[in-house]
Structure formats: C-alpha cells, structure tokens
**Student:** 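Would you mind keeping the following structure in view while I ask a few things?
Worth saying up front: this structure is predicted, and the values here are computed from it rather than measured.
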Amino acid sequence: MSRLIVFNKPYGVLSQFTAEGRWQGLSDYLALPGVYAAGRLDADSEGVLILTDDGALQSRIADPRYKLPKTYWAQVEGIPDEAALAALRQGVDLGDFVTRPAAARVIDAPAGLWPRNPPIRYRAAIPTRWIELVISEGKNRQVRRMTAKVGYPTLRLVRAAVGEWTLGALQPGEWKELHV
C-alpha cells in the first residue's frame, strides 16, 4: 500500500525538503522520510501539494501525459471580461508554447480561505476578482503567465485540487495521509 500525503503548502515554501535563501523547505513542516513531491508548486503559490513514497504514482500524478486536472484559484488584478475567459478556455499562446484549453470561470472569494502572509498588494483604484482555472498540464508559472497574457495579472494563486485530492479543511502547513 502506498502512502499519499495531501499537504497545504504555505506561501514562501519550496516544493522540496531543503530550504534555499529566503524560502523555507518542506522539512520545516513534514518529517516524513521516504516521501517525495509529485509535481511542483512555486514558492509564491499556495495550496495542494501531493507527496508519495510510490515512484509510479508520483510519475502518474506529475506527468502531463496523464492529464490529471489541477484546479487553481487565482486572485487577479481587475475584473476579467468574457473575452479573457474565452481565451483561457481556448488555450493561450505564451510564446514558448500554447496552453491546452482550460476550464475558466469567475468565482466568489473562496469560502474559508486563510489570509495570506504577507498580504497581496492592495490598490484602492484597482479591484480584484477570483478566477477558477482547471488545467491538465502544469508548466513553469503557467497559470500566472496565462492570466497575465489575457490582461489580468495574478496577485495570489492557490491550488485547490490535484485530481481527486482537495484542500478540504487543511490550513497552511497542515497535511493528511491517505493510503492508496
């Protein structure tokens, strides 16, 4: 039986056990030998990070060939219009690649979402909105690049789910173990 850890990765934590520079590592939160991250989540992003001790499962979760959906909540600068959402749904040309089509919709601020530390920048003259994006790939800084390309830069990014595994009630730094 494989171990699978669903971890709510806080802002400022790398998707590796070793800290680097100003960023903390997973070892500051998890003392679980033999598990490794299945995929990555940037230090300035928060939310679901899956860890496992099963190499085949790790590959299946992280490999884009398996098209495991990843759900993100992006707080963006401005109020996205239908044209921007349509572009996200069709796939966005980021110069070095064109993204696969994404599910994209404007949502209310996610219920129960914790305050970010440090808080996002706030400008009274520029409103923000939340977008839910579901993608089946996960290239470097992809969601941030997608929202910026359609004119709505991401201020805060939370991964809410990887496949069937969700944040649930986990607070930043908390984790739960599943046996799969």
**Student:** Around atom CZ of Phe17, are there more than 12 heavy atoms from other residues, nucleotides or ligands closer than 6.0 Å?
**Tutor:** yes
**Student:** Working note: Asp42 + Arg141, criterion salt bridge (Lys or Arg N to Asp or Glu O under 4.0 Å); need CA distance, chi angles, decisive distance, verdict.
**Tutor:** CA-CA 7 Å; Asp42 294 330; Arg141 303 188 70 78; 3.1 Å; yes
**Student:** Any donor and acceptor pair, going by atom type alone, linking the side chain of Thr147 with main-chain N or O of Tyr152 inside 3.5 Å?
**Tutor:** yes
**Student:** Hey, what do you get for OG1 (Thr71) to CH2 (Trp165), rounding to the nearest 0.5 Å?
**Tutor:** 13.0 Å
**Student:** Can we say Glu174 and Lys9 salt-bridge, meaning some charged N sits less than 4.0 Å from an Asp/Glu carboxylate O?
**Tutor:** no
**Student:** CD1/Ile135 to CD/Gln142 distance, rounded to the nearest 0.5 angstrom?
**Tutor:** 4.0 Å
**Student:** Short question: side chain of Glu137, backbone of Arg100 - any donor-acceptor pair under 3.5 Å?
**Tutor:** yes
**Student:** Scan side-chain atoms only and decide if Arg145 and Thr99 contain a donor-acceptor pair under the 3.5 Å cut-off.
**Tutor:** no
**Student:** Could you check whether Arg144 pairs with Asp44 (Lys NZ or Arg NE/NH1/NH2 to Asp/Glu carboxylate O, under 4.0 Å)?
**Tutor:** yes
**Student:** Restricting to non-hydrogen atoms, name the atom on Leu88 and the atom on Ala104 that form the minimum distance, rounded to 0.1 Å.
**Tutor:**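 Answer, listing the atom of Leu88 first, then Ala104: CB-CB, 3.9 Å.
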**Student:** Does CG in Asp108 sit with more than 12 non-hydrogen atoms of other residues, nucleotides or ligands closer than 6.0 Å?
**Tutor:** no
**Student:** For the backbone of Asp54 and the side chain of Thr52, can you confirm whether one donor and one acceptor N or O come within less than 3.5 Å of each other?
**Tutor:**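 At least one qualifying donor-acceptor pair exists.
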**Student:** Looking at Lys70, is its backbone amide N or carbonyl O close enough to the side chain of Arg159 to form a donor-acceptor pair, meaning the two atoms are under 3.5 Å apart?
**Tutor:**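 Not a single qualifying donor-acceptor pair exists.
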**Student:** Can you name the closest pair of heavy atoms from Leu41 and Val48 and give their distance?
**Tutor:**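 Where Leu41 meets Val48 most closely, the heavy atoms are CD2-O, 3.8 Å.
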**Student:** Passes salt bridge (Lys or Arg N to Asp or Glu O under 4.0 Å), Glu77 versus Arg129? Steps please.
**Tutor:** CA-CA 7 Å; Glu77 193 173 86; Arg129 286 292 185 277; over 6 Å; no
